[in-house]
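Following: one structure in C-alpha cells, then a few remarks.
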Amino acid sequence: MSRAVKQPVGQKRLTNIAVVRLKKAGKRFEVACYRNKVSDWRAGIEKDLDEVLQTTAIFSNVGKGVMAAKEDLMAAFGTSDEEKICLEILAKGELQVSDKERQSQQDNLFKDVAGILVDKTVNPETSRPYTLTMLERALRDVHFNPDSKKSAKQQALEVLPELQKRFPIQRARMRLKLQVPQQHQQELLDMLDGNKATVEGIEQAAGNSTVITQVEPGVFRELHNFMQDTTNRHGRIEVLSFAVMSEAAAGSEDFNTIPAADTDKPPPAPASAAAVVTSPSRPAAVRHQQQQQQQQHGSAAGSVVYDRGPIEGLPEDFESR
C-alpha cells in the first residue's frame with residue numbers, strides 16, 4: 001500500500017510581523033500586528049483596529065503559533081473578550097522589533113534631535129545656526145544616546161545644557177512685538193530688563209506702547225501671564241520670529257570679494273560670429289564662401305583670424321574641409 005509523500009511546508013507563518021508582548025499574572029500574552037502600525041495607533045494617527053492587528057487572537061507565543069488559554073485570559077484580564085484584551089496589550093505592551101529595526105529607529109531619532117537643535121540653537125558669538133553635521137558630531141562627543149520613549153523635541157532640550165558645557169551654543173531668542181497701554185509700559189520694561197531681554201524699539205500711538213524685543217523662549221509664558229493679569233487682557237503679543245538668527249548666511253562674506261563687472265568694456269562678440277580660420281592650402285572658392293558668411297553676420301570688425309599655416313599630408317578628399 002503506497003503512501004502519499006508529504007512535502008515539508010517551506011513557509012513559516014506569523015514571522016514577518018510586529019509582535020506586542022505583555023506579561024501579566026505570571027503569563028505572557030502576545031498579539032500579531034502589522035509593521036509600522038503600532039506606533040501610528042499609539043500616536044493616534046490610525047483609528048481602525050483592523051488596520052493594526054493581523055488577527056484578534058491572543059497568543060502565548062506568536063512565532064510558534066501557540067494560542068493563549070482562556071483560563072489564563074480570565075485570570076489575567078478578567079474577561080475573555082479578545083478585542084478588549086488586544087486594546088490593553090496594544091496600550092501597555094512592549095513592541096518587539098529586530099536589532100536592525102531598532103538601530104534604524106535610533107538613527108532616525110538621533111537625526112531628528114540634531115535637526116531640532118539646528119532650528120532652535122545658534123552660536124552666541126555670531127548668532128548663526130550650526131550645520132546638521134556639526135551638531136551630530138557634538139552630540140556624539142557628549143555621548144548622547146536617544147531614548148525611544150521620549151519625543152525628539154524633549155530630548156533636544158534636555159541635551160542642550162550638556163552641549164553648553166563644552167561648546168559655544170545657546171537657544172535662539174524669539175522676536176516679539178508687545179503692545180500694552182501706556183500706563184503699563186514701565187512695568188513691561190522692568191520685567192524685560194529682569195529677564196535680560198533686548199529691546200529693539202519703542203513706539204507710542206493712540207494711548208498704547210509697542211515694544212519690539214528679543215527674549216528667551218522660556219519668558220514667553222511669563223509675558224502671556226503679564227498680558228492677561230496686569231493689563232487686564234488689554235495687552236497683545238505678536239510673534240515676529242520663533243528663532244532670531246543672523247541674516248547673513250555662513251560664507252556670504254565671500255561674495256564681497258568678487259569684483260563688480262566693468263561696464264566700460266565692450267560686450268563680447270556673439271557666439272554666432274565665430275572666428276574664421278583660413279589656410280593658404282584651402283581652395284579659393286571655400287575662402288570666398290567664408291568671407292560671405294562673415295559679412296552676413298556683420299562681424300568683420302570684431303572677428304579674429306588665426307593663421308595656422310598650410311596643412312600637409314592630407315588626402316585630396318579632405319583638403320577642402
Side-chain angles (χ1 to χ4, degrees), residues 6-117 132 135-136 139-163:
K6 294 183 179 181
Q7 295 293 335
V9 178
Q11 181 182 6
K12 187 177 180 181
R13 301 183 183 277
L14 296 177
T15 55
N16 190 25
I17 58 176
V19 178
V20 180
R21 179 181 302 166
L22 177 65
K23 292 183 178 180
K24 193 172 183 180
K27 301 291 183 179
R28 186 177 68 178
F29 304 97
E30 298 178 349
V31 291
C33 307
Y34 292 102
R35 290 186 179 272
N36 303 325
K37 285 295 183 178
V38 179
S39 57
D40 293 344
W41 171 268
R42 291 179 174 177
I45 302 174
E46 183 62 56
K47 302 294 184 181
D48 191 0
L49 187 62
D50 295 335
E51 295 293 332
V52 180
L53 296 177
Q54 293 198 2
T55 176
T56 56
I58 312 299
F59 297 86
S60 60
N61 192 319
V62 174
K64 296 181 180 180
V66 180
M67 305 289 294
K70 290 185 177 180
E71 294 80 5
D72 296 338
L73 296 177
M74 289 295 298
F77 299 97
T79 180
S80 59
D81 190 348
E82 294 182 344
E83 185 173 349
K84 292 182 179 180
I85 298 174
C86 288
L87 291 175
E88 183 175 350
I89 295 176
L90 284 175
K92 301 179 181 180
E94 181 182 358
L95 178 63
Q96 306 296 314
V97 295
S98 62
D99 294 338
K100 291 184 178 180
E101 289 177 332
R102 185 179 294 105
Q103 185 62 35
S104 177
Q105 293 176 0
Q106 292 287 97
D107 294 342
N108 293 334
L109 184 57
F110 185 88
K111 292 181 179 179
D112 292 341
V113 173
I116 292 176
L117 289 174
L132 182 64
L135 286 174
E136 287 181 353
L139 289 174
R140 294 188 181 95
D141 291 342
V142 298
H143 306 288
F144 170 71
N145 188 21
D147 187 357
S148 60
K149 296 182 180 180
K150 296 181 181 180
S151 64
K153 182 178 180 180
Q154 180 182 358
Q155 296 185 72
L157 296 179
E158 290 177 354
V159 76
L160 184 57
E162 298 295 330
L163 294 174

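Along the sequence shown, residues are numbered consecutively beginning with 1.
Under the salt bridge (Lys or Arg N to Asp or Glu O under 4.0 Å) criterion, no residue pair touches residues 66-78, with sequence neighbours excluded. Residue pairs satisfying the salt bridge (Lys or Arg N to Asp or Glu O under 4.0 Å) criterion with at least one member in residues 73-95, sequence neighbours excluded, are listed as follows: Lys24-Glu88, Glu88-Lys92. Residue pairs meeting the salt bridge (Lys or Arg N to Asp or Glu O under 4.0 Å) criterion with at least one member in residues 44-61, sequence neighbours excluded: Lys37-Glu46. Counting only residues at least two apart or in different chains, ring-ring contact (aromatic ring centres under 6.0 Å, His included) contacts with residues 78-103 are absent.
Distance NZ/Lys64 to CZ/Phe59: 14.5 Å, rounded to 0.5 Å. Distance check, rounded to the nearest 0.5 Å: CZ of Arg21 to CD of Gln96 gives 4.0 Å. For the atom pair Phe110 CZ and Leu139 CG, the distance stands at 4.5 Å (nearest 0.5 Å). For the atom pair CD (Glu162) and CG (Asp141), the distance works out to 13.0 Å, reported to the nearest 0.5 Å.
The ring pair (Phe, Tyr, Trp, His ring centres under 6.0 Å) check on Tyr34 picks up nothing, with sequence neighbours excluded. Listed by chain and residue number, nothing satisfies the side chain to side chain contact (heavy atoms under 4.5 Å, CB included) test with Ala91 (two or more places apart in sequence, or in another chain). Applying the side chain to side chain contact (heavy atoms under 4.5 Å, CB included) test to Val142 and every residue at least two apart in sequence or in another chain returns Phe144, Val159, Leu163, Arg166, Phe167. Judged as a side-chain hydrogen bond (donor to acceptor under 3.5 Å, both in side chains), and not counting sequence neighbours, the contacts of Gln154 are Glu158. Checked against side chain to side chain contact (heavy atoms under 4.5 Å, CB included), Lys149 has the following partners two or more places apart in sequence or in another chain: Asp147. Residues forming a salt bridge (charged side-chain N to carboxylate O under 4.0 Å, His left out) with Arg42 (at least two apart in sequence, or on another chain): none. Residues satisfying the side-chain hydrogen bond (donor to acceptor under 3.5 Å, both in side chains) criterion with Asn61, sequence neighbours excluded, are absent altogether. Shown here are the side chain to side chain contact (heavy atoms under 4.5 Å, CB included) partners of Ile89, two or more places apart in sequence or in another chain: Val20, Leu22, Phe29, Val31, Ile58, Phe77, Ile85.
The minimum heavy-atom distance between Val62 and Ala32, with the atom names listed, is CG1-CB, 4.2 Å. Nearest heavy-atom pair across Ala152 and Leu109 is CB-CD1, 4.0 Å. Here the closest non-hydrogen pair linking Gln106 and Pro146 is NE2-O, 3.2 Å. The two atoms that bring Cys86 and Leu53 nearest to each other are CB-CD1, 3.7 Å, heavy atoms only. Nearest approach of Ala57 to Met67, heavy atoms of both residues: CB-CE, 3.3 Å.
Of the possible donor and acceptor atoms, one in the side chain of Arg28 sits under 3.5 Å from a partner among the backbone N and O of Ser60.
The shortest distance between side-chain heavy atoms of Thr79 and Leu73 does not fall below 4.5 Å.
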Residues Leu95, Cys33; criterion side chain to side chain contact (heavy atoms under 4.5 Å, CB included); working and verdict: CA-CA 10 Å; Leu95 178 63; Cys33 307; over 6 Å; no
